[in-house]
Amino acid sequence: MKPSLTAIKGTKDILPPETKLWQKAEWLCREVFEAYGYQEIRTPIIEPTELFVKGTGETTDIVTKEMYTFVDKGGRSITLRPEYTPSVVRAIIEHRLYLQASPLRFYYFGPMFRHDRPQKGRYRQFHQVDIEVFGETDPAIDAEIIEMADYLLDRLGVKNKKILVNSVGCSNCRPNYVTLLRAKAEEIKERLCKDCQRRLELNPLRLFDCKEPGCQAITQSLPKIIDYLCRDCLTHFENVRQWLDFYGLSYQIEPRLVRGLDYYTRTTFEIISLELGAQNALLGGGRYDHLMKIYGGPDICGLGFALGLERVLSVAQIKPDKEKLIYFVYLGEKAKKKSLQLCRELRRQGFTTLLEYKDRSLKAQLSRANKLAATWTIILGEDELNQGICQLKEMTSGQQKTVPFDQVGTILRTLEKDEKNK
RNA sequence: GUGAGUGUAGCUCAACGGUUAGAGCAUCGGACUGUGGAUCCGAAGGUUGGGGGUUCGAGUCCCCUCACUCACCCCA
């Protein structure tokens with residue numbers, strides 16, 4: 001029978017041994033980001049609702065129907081963050097971080113909250129890894145973060161991925177294009193699906209997102225934004241492409257790639273998995289040149305991406321590092337005491353050891369050690385105790401040797417070293 | 001928010017509308033009293049998601065509800 005108290009819909013417990021994979025993935029991300037000069041930043045999970053209304057966009061789906069918003073005891077409207085970028089921008093402005101030497105490079109891990117209908121690769125509480133760069137206008141940085149993203153996914157053992165790149169223009173060229181697109185689309189409105197007719201009204205750019213084969217064929221003929229970029233945007237995009245070629249990355253220009261957040265300008269990109277279903281974007285991001293200004297900060301450009309950890313982990317081929325466990329097997333109260341003492345010493349020397357308080361047979365204890373995949377067991381009974389020794393058993397070979405108490409640590413260290421040299 | 005599919009032991013799954021709902025894996029114990037992995041034996045583990053209905057009889061059929069899954073939508 002299902003217990004009456006369960007995890008909230010769209011959320012889930014991450015249990016061992018799966019947590020090992022999370023740790024490993026997080027550690028790999030950290031290593032890669034630090035190698036590229038990023039520093040960790042941590043901001044609160046709850047933020048003023050207005051932060052997202054202003055930045056993410058008043059008309060976006062995220063803000064209009066997916067936020068976890070509540071009024072706190074002080075009467076303030078609080079929201080569990082649905083994305084991360086606005087928080088970083090807020091923190092930068094609040095602490096005047098833009099006065100430091102630019103560019104600023106930050107990375108971040110944490111849970112995000114969106115009230116979507118859960119499905120494969122989509123949860124209400126999900127985890128993102130996020131990087132942001134502020135104050136760098138050079139198109140080389142656009143390519144650099146894409147290169148870093150690609151490298152990170154390689155390190156995480158993600159195969160069958162594809163880089164999609166586009167430019168969505170800027171406040172100079174996009175409005176003209178949108179007007180043109182809307183006009184052209186109006187002409188063929190009848191042939192579009194119902195959803196697309198609605199998109200046409202709200203956000204014509206999203207027409208290209210439609211999955212109906214019919215619509216995809218029709219929208220092929222519609223004008224594409226990359227053909228209508230202003231000169232600056234076009235130059236920027238061409239530069240980004242040159243740098244991507246410089247890194248030897250294979251990518252696909254995807255004129256259909258538009259982002260769901262209002263603040264994007266120029267470069268947008270996604271890396272998708274070819275092994276996933278409908279929710280196949282492993283990470284997505286782009287440039288947001290005016291976001292800082294929207295919040296009343298200085299006019300400093302920014303860019304970054306967010307990576308969905310659940311999705312990445314579902315295709316990542318990573319294995320947790322094997323830990324060497326030393327399991328204590330003891331017989332009798334006196335042996336237990338001595339074992340605990342040894343156990344404590346070994347832990348202080350950096351070994352991973354385990355002693356369990358079950359008064360079970362030697363056989364059962366060894367069986368347990370086996371189940372836990374212990375590398376060694378230390379066996380201590382009356383006989384050993386009287387002689388001041390213990391049995392050190394190497395579990396894969398089954399070989400066992402007698403070791404005086406005061407030499408256990410040294411001998412284990414040599415054994416470890418020997419194994420490394422193999 | 002819309003649609004479809006699925007809910008049986010901790011996990012993976014059986015059981016034509018008909019005895020007391022079974023098996024494998026996992027757990028614990030024993031065979032083997034101080035030596036694990038293999039094998040055999042045993043134990044424990046269930047309000048068949050919940051509620052209502054049809055029926056002599058419901059895990060099975062019907063309705064409601066909840067949860068999960070997938071898709072739409074949206075996005076990481």
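Numbers restart at 1 for each chain; the letters A, B, ... are given by sequence-line order, proteins then strands.
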- prompt: Quick check, are the ring centers of A:Y38 and A:Y107 under 6.0 angstrom apart?
  reply: no
message: At less than 4.0 Å, is any side-chain N or O atom of A:R360 found next to OP1 or OP2 of B:C28? Yes or no.
response: yes
message: Students often get this wrong, so: under 4.0 angstrom with heavy atoms, is A:S361 touching a base, only sugar-phosphate, or nothing?
response: sugar-phosphate
query: Between A:Y108 and A:Y84, what is the ring plane arrangement, given parallel below 30°, perpendicular above 60°, and tilted in between?
result: parallel
field: All side-chain contact (heavy atoms from CB on, under 4.5 Å) counterparts of A:E66, not counting sequence neighbours
entry: A:D61, A:I62, A:R114, A:D116
task: Any chance you could measure A:D289, atom CG, to A:I294, atom CD1, to the nearest 0.5 Å?
output: 10.5 Å
statement: Read 5' to 3' with Watson-Crick or G-U pairs under 3.5 Å, [ ] for crossing pairs and | for partners on another strand, RNA chain B gives (((((((..((((....[...)))).(((((.......))))).....(((((..]....))))))))))))....
query: Of the residues in residues 109-128 of chain A, which ones touch RNA chain B at a heavy-atom distance under 4.0 Å?
result: A:R114, A:D116, A:R117, A:Q119, A:K120, A:G121, A:R122, A:Y123, A:F126, A:Q128
message: Salt bridge or not between A:E31 and A:R155? Use side-chain N to carboxylate O under 4.0 Å.
response: yes
query: When you check the side-chain N and O atoms of A:E50 and A:S77, is any donor under 3.5 Å from an acceptor?
result: no
field: Upstream residue (5' side of RNA chain B) when A:E382 and A:K65 are each assigned their closest nucleotide
entry: A:E382
- request: Compute the ring centroids of A:H127 and A:F109, then answer whether they are less than 6.0 Å apart.
  value: no
Polar atom pairs between nucleotides 37-45 of chain B and protein, under 3.5 Å, N or O only, would you list them?
| residue | atom | partner | partner atom | Å |
| --- | --- | --- | --- | --- |
| B:G37 | O4' | A:N370 | ND2 | 2.8 |

- request: Could you tell me how the ring of A:Y228 sits relative to the ring of A:Y177: parallel (under 30°), tilted (30 to 60°) or perpendicular (over 60°)?
  value: tilted
task: Provide, to the nearest angstrom, the distance between the CG atom belonging to A:L257 and the P atom belonging to B:C75.
output: 11 Å
message: With a 4.0 Å cutoff (strictly under), does any side-chain N or O of A:K9 reach OP1 or OP2 of B:C68?
response: yes
task: Between B:A38 and B:C32, how far apart are the C1' atoms? Round to whole Å, please.
output: 14 Å
message: Can you confirm whether the side chains of A:N160 and A:E275 place a donor and an acceptor under 3.5 Å from each other?
response: yes
- prompt: In residues 304-318 of chain A, which ones come under 4.0 Å of RNA chain B, going by heavy atoms?
  reply: A:A306, A:G308, A:R311
query: Say you pick atom C1' in B:U48 and the same atom in B:C13; how far apart are they, in whole Å?
result: 14 Å
query: Are any of the side-chain heavy atoms of A:L355 and A:Y330 separated by less than 4.5 Å?
result: yes
query: A:D61 side chain: which of B:G34, B:A26, B:C74 is closest?
result: B:C74
- prompt: How is A:D130 classified with respect to the nucleic acid when contacts are heavy atoms under 4.0 Å: base, sugar-phosphate, or nothing?
  reply: nothing
task: Using a heavy-atom cut-off of under 4.0 Å over every strand shown, decide if A:E384 touches base, sugar-phosphate, or nothing.
output: base
- line: What residues 28-49 of chain A contributes to the RNA chain B interface at heavy-atom separation below 4.0 Å is none
- prompt: Expressed in whole Å, how much space separates the C1' atoms belonging to B:G42 and B:G5?
  reply: 40 Å
task: Would you check if there is a donor-acceptor pair between the side chains of A:T267 and A:S167 at a distance under 3.5 Å?
output: no
field: B:C66 and B:U55, which share atom name P, separated by this distance in whole Å
entry: 28 Å
